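Have a look at the structure below before the remarks.
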Amino acid sequence: MTIIFLFQVNLYFSCTNATEELLVQKEESGILAGFWVRKVPDSATVTAGYGKITNLRDTDVEIRGIRSEDFEMVEWHHSSIDPSGVAKMRKVDFPIPLTSNKEVLLEKGADHLMLIGKKKGMGSDVVRLSFVLSNGDTLVWDALVK
């Protein structure tokens, strides 16, 4: 039980250091986005991803799923501190709405990506993320590892 608690505390604090990060953004099919992924030791199998995504389209769209060839799964998570001071992180189920002409931030201590099950051989400075949208598009961005 102690090990699980320590893992949760470590994971929470690795996702909650409130610093601003500069992003290189790229537009693809009316969606402007930029991402970065936290660099972790070779022995770690989980990391977090941050950034922002803006729907420049005139219509709403939803993210139905996110994949990466470097990880077994990518999940959308939300971190918060409840009124009693207890830190919590929970998985948010897809779909994730991208409202027309609105920005969604993925930042430490709030919404972020959890990249789970790091595959062997990942040694790149970039993690490729594929976003599957409700309109059938799959958009691909490279997240800097730092």
Side-chain angles (χ1 to χ4, degrees), residues 4-5 7-83 86-146:
I4 292 172
F5 173 75
F7 173 75
Q8 288 176 328
V9 168
N10 183 37
L11 191 55
Y12 176 79
F13 283 107
S14 73
C15 298
T16 57
N17 182 2
T19 60
E20 286 291 318
E21 298 292 338
L22 298 174
L23 298 171
V24 175
Q25 293 190 42
K26 176 184 111 175
E27 181 184 347
E28 185 169 319
S29 298
I31 305 290
L32 178 66
F35 302 98
W36 68 276
V37 171
R38 181 180 296 281
K39 186 174 187 159
V40 293
D42 291 338
S43 60
T45 61
V46 177
T47 190
Y50 309 99
K52 61 183 164 180
I53 184 165
T54 306
N55 181 1
L56 302 174
R57 300 172 178 186
D58 292 331
T59 58
D60 297 349
V61 69
E62 296 174 328
I63 300 170
R64 294 281 171 93
I66 306 171
R67 296 186 308 265
S68 173
E69 54 198 37
D70 295 314
F71 291 85
E72 292 175 17
M73 71 177 79
V74 180
E75 297 179 347
W76 193 286
H77 283 219
H78 180 78
S79 294
S80 62
I81 298 178
D82 72 16
V86 175
K88 296 185 177 193
M89 183 172 67
R90 67 175 176 81
K91 178 183 171 191
V92 178
D93 292 327
F94 293 106
I96 305 296
L98 293 178
T99 305
S100 175
N101 296 303
K102 297 285 183 185
E103 176 181 271
V104 175
L105 290 176
L106 296 166
E107 57 189 352
K108 299 171 186 178
D111 284 357
H112 59 279
L113 302 179
M114 290 304 303
L115 294 90
I116 303 165
K118 183 173 67 173
K119 295 178 181 175
K120 294 195 184 291
M122 184 197 142
S124 175
D125 293 334
V126 171
V127 171
R128 181 154 287 166
L129 299 170
S130 300
F131 287 69
V132 178
L133 303 183
S134 56
N135 65 358
D137 289 348
T138 298
L139 307 181
V140 178
W141 287 278
D142 289 337
L144 282 176
V145 177
K146 55 183 182 172

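Position 1 is the first residue of the sequence, and the numbers go up from there. All values reported here derive from a predicted model rather than from experimental measurement.
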- Item | Lys/Arg-Asp/Glu bridge criterion (N-O < 4.0 Å) met for Arg67, Glu69 | no
- Item | Verdict with supporting geometry, Glu72 and Ile116, side chain to side chain contact (heavy atoms under 4.5 Å, CB included) | CA-CA 6 Å; Glu72 292 175 17; Ile116 303 165; over 6 Å; no
- Kindly determine whether Thr47 and Phe71 satisfy side chain to side chain contact (heavy atoms under 4.5 Å, CB included), including the steps that lead there. CA-CA 10 Å; Thr47 190; Phe71 291 85; 3.7 Å; yes
- Note on the structure: Between the NE2 atom in His112 and the NE2 atom in His78, the distance rounded to the nearest 0.5 Å is 9.5 Å
- Approximate separation, where rounding is to 0.5 Å, of Leu139 CG and Ile66 CD1: 11.0 Å
- Distance (rounded to the nearest 0.5 Å) between Glu107 CD and Leu105 CG: 5.0 Å
- Query: Taking atom CG of Asp142 and atom OG of Ser68, what is their separation to the nearest 0.5 Å?
  - Reply: 9.5 Å
- Taking everything shown except Asp82 itself, do over 12 heavy atoms lie less than 6.0 Å from its CG? yes
- Gap between atom CE of Met89 and atom NE2 of His77 - 0.5 Å precision: 5.5 Å
- Task: Starting from the C-alpha separation in whole Å, work towards a yes-or-no answer on side chain to side chain contact (heavy atoms under 4.5 Å, CB included) for Glu27 and Leu32.
- Result: CA-CA 4 Å; Glu27 181 184 347; Leu32 178 66; 4.1 Å; yes
- Message: Nearest 0.5 angstrom please: Leu106 CG to Leu113 CG, how far?
- Response: 5.0 Å
- Item | Under the side chain to side chain contact (heavy atoms under 4.5 Å, CB included) test, residues paired with Asp60 that sit two or more places apart | Thr99, Ser100
- Parallel, tilted or perpendicular for Phe94 and Trp76, by the 30°/60° rule? perpendicular
- Member of Ile63, Thr138, Val61, Asp137 meeting the side chain to side chain contact (heavy atoms under 4.5 Å, CB included) criterion with Phe131: Ile63
